[in-house]
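One structure below.
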Amino acid sequence: MNRIAEQLTLSASDNPNNQLDGGSSNTCGTGVQFELASGNNPAAFTQQYTDVKSEKDARIKMDHGTTTLAFKFKHGVLVATDSRATSGNVIASQSVKKVIEINPYLLGTMAGGAADCSFWERVLGMECRLYELRNKKRISVAAASKLLANLVYRYKGMGLSMGTMVAGWDESGPGLYYVDSEGQRVVNDLFSVGSGSTFAYGVLDSHYRFDMSVEEAKDLGRRAIYHATHRDAYSGGIVRMYWVKEDGWVAYPLEDVGELYFRYHPEIKLTHAAESPLTAQRAA
Amino acid sequence: MSYDSALTIFSPDGHLFQVEYAQEAVRKGTCAVGICCKDSVILGVEKKAALKLQDSRTMRKIHRLDEHIFLASAGLVADARVLVDMARVECQNHRLTVEDAPTVEFISHYIASVQQRYTQSGGRRPFGISTLIVGFDPNNTPKLFQTDPSGIYYQWKANAIGRNSKTVHEFLEKHYAQDMSESDGIKLAVKSLLEVVQTGAKNIEILVITKDGNRTPNIQEIEQTIKTIEAEKIEEAEKKANKRKPATSA
């Protein structure tokens, strides 16, 4: 099913003895090989158990509760995510790291299956480093996102769940791509991914301008995540924000969305204001 | 015991004889010369005389690998055909996975790796060709690389491969100058080939590559260049002769 992808992503040599890999192409990654389900069509086999859309009784249900966003602007790329993980009706964690630091100048976001995202983005980190060593220059964001897309395309239909944005800065300026496990790879100035993305898009599309200042961009990202967490049950926790600039990314201090609620709705006041440490902090 | 019958056996004094014999095959091939100039790179090849009934257009010594990367080879023509095709696929592969044009160094590394691989596995023989790979990188710098049957590759400012390459190389060492203009580069390429190609313009083919494209000077232009070279030679000879005569006026 994915033979074309295999031919293109594996070593481009026609040497059957792949141990002599010194002659293999510098561009194509080696990736990692998994044992696939036996039979002619491993995708069809795994699809029975994972694809909720086609099989109502699929036993492995992935939750996609999250809000992640990223946008390019004059001074780089701003990446912001929430930090809630849910399984069913239970909030499993409020402090998940949904931004994956691929290397000091490339970031990836996590939406969909946490294991799928973090694993494949670590493999991507390895491939990016190998590219750097072989070609004596940093990999471009286009190439990095392409490597990731090709890696997961080989497992298309087998139940991977990953919707990630690859953000970075390369020779052609700030770069931002959206890559998912369905094989989609698109480029744009602004993306939001996850169950809370619709709310985030509302805020982002209303106020986005390419020539924002860094402070304006940070505020926009923060607001968008806050509004998404306010309305989407599956998003919440803290806002994790990163700014990718020319010499790499910078992480910002974490902000609890609960606190942001009071900041963005100053008319709301707690009763028993004096006794609450939260309001004392706010007043300070 | 002879150490030259199998590829995968070293001789006691550290030679891989099959690779060295492949390099001998290269020395029998027609000459090719490459020269890096300021904004261009020149490839000159010695064309074998076309036999009467042959269609000379099918005898190509210079092959295009990608938009701005060309390759000239010396040695076994059939081996060149196979390597060129592998390199062309690799260039497209690079464009597909990295969404950018390959650098000359990248493709030279690939070709050299393929040649090296064929010196290390059983049941194969090395490729009997050396190549000159010329072109422009995406940042518009001209480059020239050379590979050989052992799988090495080096970058050069100017080099020659094939028949009498040693003579041509020594000539280049004497006359190469940094940052030459395109016309000076063409002149040098023709001059250096004339050292070993006696029969003149009809057996020389030149390719000029600039960052915007490439052109093949036609035979009239080459003949004109040769005439200029001859004229300059006569001038040089006259100057030398005049120097030997003492000045007659007081």
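A note on names: the letters A, B, ... follow the listed sequences, proteins ahead of strands, and every chain is numbered from 1.
Heavy atoms from other residues, nucleotides or ligands lying under 6.0 Å from CZ of A/R209 number more than 12. By the 6.0 Å contact criterion, NZ on B/K157 is open, its count of non-hydrogen atoms from other residues, nucleotides or ligands being 12 or less. Around the CZ atom of A/R122, the shell of radius 6.0 Å holds no more than 12 heavy atoms that belong to other residues, nucleotides or ligands. For B/Q155, the CD atom counts as densely surrounded, since its 6.0 Å shell holds more than 12 non-hydrogen atoms of other residues, nucleotides or ligands.
Heavy-atom minimum distance, B/V98 versus A/S140: O-OG, 4.1 Å.
Residues that satisfy the ring pair (Phe, Tyr, Trp, His ring centres under 6.0 Å) test with B/Y176, not counting sequence neighbours, are absent from this structure.
Taken from NZ in A/K137 to CG in B/N139, the straight-line distance is 8.5 Å, to the nearest 0.5 Å. Rounded to the nearest 0.5 Å, atoms CG (B/D100) and CD (A/E171) are 8.0 Å apart. Taking CD of B/E105 as the reference point, atom NZ of A/K136 lies at 5.0 Å (rounded to 0.5 Å).
The side-chain heavy atoms of B/L96 and A/K146, taken from C-beta on, include a pair separated by under 4.5 Å.
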